[in-house]
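Residue numbers start from 1 in every chain, and the chains themselves are labelled A, B, ... in the order their sequence lines are given, proteins ahead of strands. Source: prediction; values computed, not measured.
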Amino acid sequence: MTTRTRFAPSPTGYMHIGNLRTALYEYLIAKAQGGDFLLRIEDTDQKRYVEGATDIIYNTLKTVGMNWDEGPDIGGNYGPYVQSERKPIYAEYAHKLVELGGAHYCFCSKNEADEEKNEEMNIKFKDPCKMLSLDEAQKRVAAGEPYVIRQTINKKGKSKYHDEVYGDIEIDYDELDEGVLLKSDGFPTYNFANVVDDHLMNITHVVRGNEYISSTPKYNLIYEDFGWEHPHYVHVPPVMKDAQHKLSKRNGDASFQDLVAKGYLPEAIINYIALLGWNPGNDEEIFSLEDLKKIFTVERLNRSPAIFDITKLTWMNGVYIRALPAEKFHELAMPYYAEMPSFVNLSALSATLQPRIETLGDIPAQIDFIKTMPEYSIELYSNKKMKTDAAVAKQNLPAICEVLASQDVWTNEALFEALKGLAEKLVVKNGQVLYPARIALSGKETTPGGATEIAVVLGKDETLRRLDAAIAKL
RNA sequence: GGUCCCAUCGUCUAAUGGUUAGGACACCACCCUUUCACGGUGGUAAUAUGGGUUCGAAUCCCGUUGGGAUCACCA
């Protein structure tokens with residue numbers, strides 16, 4: 001039997017990191033076995049539906065390269081793959097479950113059910129409708145009375161099941177709630193739809209957040225009542241924002257698209273979140289999606305929650321940026337160069353930036369001095385280690401200007417040799433030439449690249465112009 | 001509150017009864033160096049707690065503490 005997993009998000013807004021990680025694990029479990037990964041949209045709650053949310057799901061999955069084998073857009077043998085389009089199926093099975101004794105009609109209003117509950121929540125809802133005979137209930141249904149279908153739980157003792165991550169789970173049947181399976185609007189709840197769909201779609205491994213651990217026995221009861229085999233369960237711990245709170249889309253944190261907008265690469269994000277709750281068992285930590293497909297195993301999934309650490313993601317993103325082919329990095333950086341003056345040598349700029357940034361979002365702060373020289377104090381020329389100050393600058397800048405003016409080959413190597421030669425001729429340290437030159441060209445204490453690299457980025461004309469201005473300022 | 005789950009450096013984690021408790025990020029120091037970064041070397045830093053079991057416990061068992069989840073006509 002081929003392994004089949006599904007990613008079953010509800011289209012209620014942005015795709016957050018925890019969701020994406022669950023999708024990743026689902027994808028990897030399927031693909032590690034050469035199985036199928038499918039996409040199912042769980043839109044049974046019309047109130048929470050957000051326009052455009054499904055597109056975000058499609059786009060996110062596509063940009064990270066997690067292609068699905070079956071789904072709403074591409075079809076498959078087990079469709080439809082949108083739950084709202086499967087409404088008649090759930091109704092059919094719900095009524096069947098009533099016949100089978102696994103559920104019953106309930107005519108209580110929502111409020112009646114709520115009032116039954118103790119404020120301490122330790123009294124279970126005792127549904128009076130459970131006492132109705134099937135005959136009588138069916139008559140009331142036929143008469144058009146509004147109803148829901150609730151699960152019937154008569155079993156006693158302990159329910160047991162095996163989870164691939166948490167091991168054996170035992171929960172007393174008395175703890176289980178006789179929840180609503182089919183709502184009065186005819187839509188199923190998650191509790192029912194997921195069971196029916198996972199069975200009908202031949203899902204072999206159900207991967208989901210560990211908040212479902214305690215309701216899984218209810219689902220198993222439904223599988224049993226229908227005489228179906230239940231799938232393997234892989235419950236995964238949550239991704240946390242801090243020790244107390246799950247990562248949420250509120251508070252500006254970590255949706256996939258936010259991170260991409262901040263200049264994180266999809267490959268780095270995938271790599272990082274794969275390691276949030278899973279490890280390969282050795283010290284390696286840089287993995288492409290293809291690598292992960294080969295080495296992923298559920299045995300190495302963790303049981304405890306993991307805090308999302310943007311600092312480590314940022315480091316990892318830097319690793320990915322540095323590993324990029326120069327042309328590819330240049331292409332990604334281009335949008336950030338939109339305002340650059342025409343004299344700028346953009347490929348030289350990319351070359352100096354690539355080893356120095358960790359996210360693409362770092363670019364603007366690095367290149368701000370290029371478009372316009374910042375206001376700066378001549379104090380900037382002072383550097384103890386380089387043994388320079390404004391006086392040294394004033395002394396050396398004219399000669400620097402002269403040497404550079406006579407340079408025809410405008411490359412980093414050539415300029416560096418020329419200025420090093422000048423330092424030798426003047427019998428000063430390299431830094432006493434290069435440091436003032438860099439300040440004169442940038443007006444900043446730290447810059448991406450040294451004096452000669454910046455000169456190459458600025459081009460000869462602009463370089464000489466800035467040196468003249470600097471001399472005048474001194 | 002009932003039930004379920006979880007607990008190793010600040011963070012992600014390794015070590016499935018025997019290790020000086022390992023790695024990575026971050027942090028600090030040094031080296032490299034035309035500033036910064038990259039790269040290199042080194043350092044600070046953890047088994048929540050109390051009992052068992054055992055020759056030996058981070059590892060197995062029980063309690064405590066702390067955290068999380070769940071108890072919706074949300075998923």
Q: Go through the steps for Asn383(A) and Tyr435(A) under the test side chain to side chain donor-acceptor pair (under 3.5 Å), then give the verdict.
A: CA-CA 8 Å; Asn383(A) 183 291; Tyr435(A) 198 94; 3.3 Å; yes
Q: For Met240(A) and for Ile213(A), locate the closest nucleotide of RNA chain B by heavy-atom distance; then report the residue assigned to the nucleotide nearer the 5' terminus.
A: Ile213(A)
Q.
My understanding is that a pair needs two contacts under 3.5 Å, Watson-Crick or G-U wobble. By that rule, which nucleotide pairs with rA45(B)?
A. none
(Q) I'd like the C1' distance from rA45(B) over to rU33(B), given in whole Å. (A) 30 Å
Q: Measure from the side chain of Asn279(A), starting at C-beta and using heavy atoms only, and say which of rA14(B), rG67(B), rC71(B) lies closest.
A: rA14(B)
Q: Would you mind telling me which residue lines up with the more 5' stretch of RNA chain B, Ala306(A) or Leu434(A), judged by nearest nucleotide?
A: Ala306(A)
Q) Would you find a donor on one side and an acceptor on the other, under 3.5 Å apart, between the side chain of Asp291(A) and the backbone of Ser288(A)? A) yes
Q. What is the distance from CH2 of Trp315(A) to P of rC38(B), rounded to the nearest Å?
A. 12 Å
Q) Which part of the nucleic acid, if any, lies within contact of Asp43(A), taking any heavy atom under 4.0 Å across all strands shown: a base, the sugar-phosphate backbone alone, or nothing? A) nothing
Q. What does rC4(B) pair with, Watson-Crick or G-U, if both distances are under 3.5 Å?
A. rG68(B)
Q | Sidechain-backbone polar pair: Asn194(A) side chain, Tyr190(A) backbone, donor-acceptor under 3.5 Å | A | yes
Q.
Taking donor-acceptor contacts at under 3.5 Å, does the side chain of Ser184(A) reach the base of rC73(B)?
A. yes
Q.
Between Asn317(A) (side chain only) and Leu265(A) (backbone N and O only), is there a donor and an acceptor less than 3.5 Å apart?
A. yes
(Q) Between the base of rU3(B) and the side chain of Ser214(A), is one N or O donor paired with an acceptor at under 3.5 angstrom? (A) no
Q.
Give me the distance, rounded to whole Å, that separates rC28(B) from rG10(B) when you measure between the C1' atoms they each carry.
A. 14 Å
Q | Candidate nucleotides rA69(B), rA75(B), rU13(B), ranked by approach to the side chain of Lys246(A) - the nearest | A | rA69(B)
Q. Met316(A) near the nucleic acid: base, sugar-phosphate alone, or nothing, with a heavy-atom cut-off under 4.0 Å?
A. nothing
Q) Is Lys312(A) side chain donor-acceptor paired with the rA24(B) base, going by distance under 3.5 Å alone? A) yes
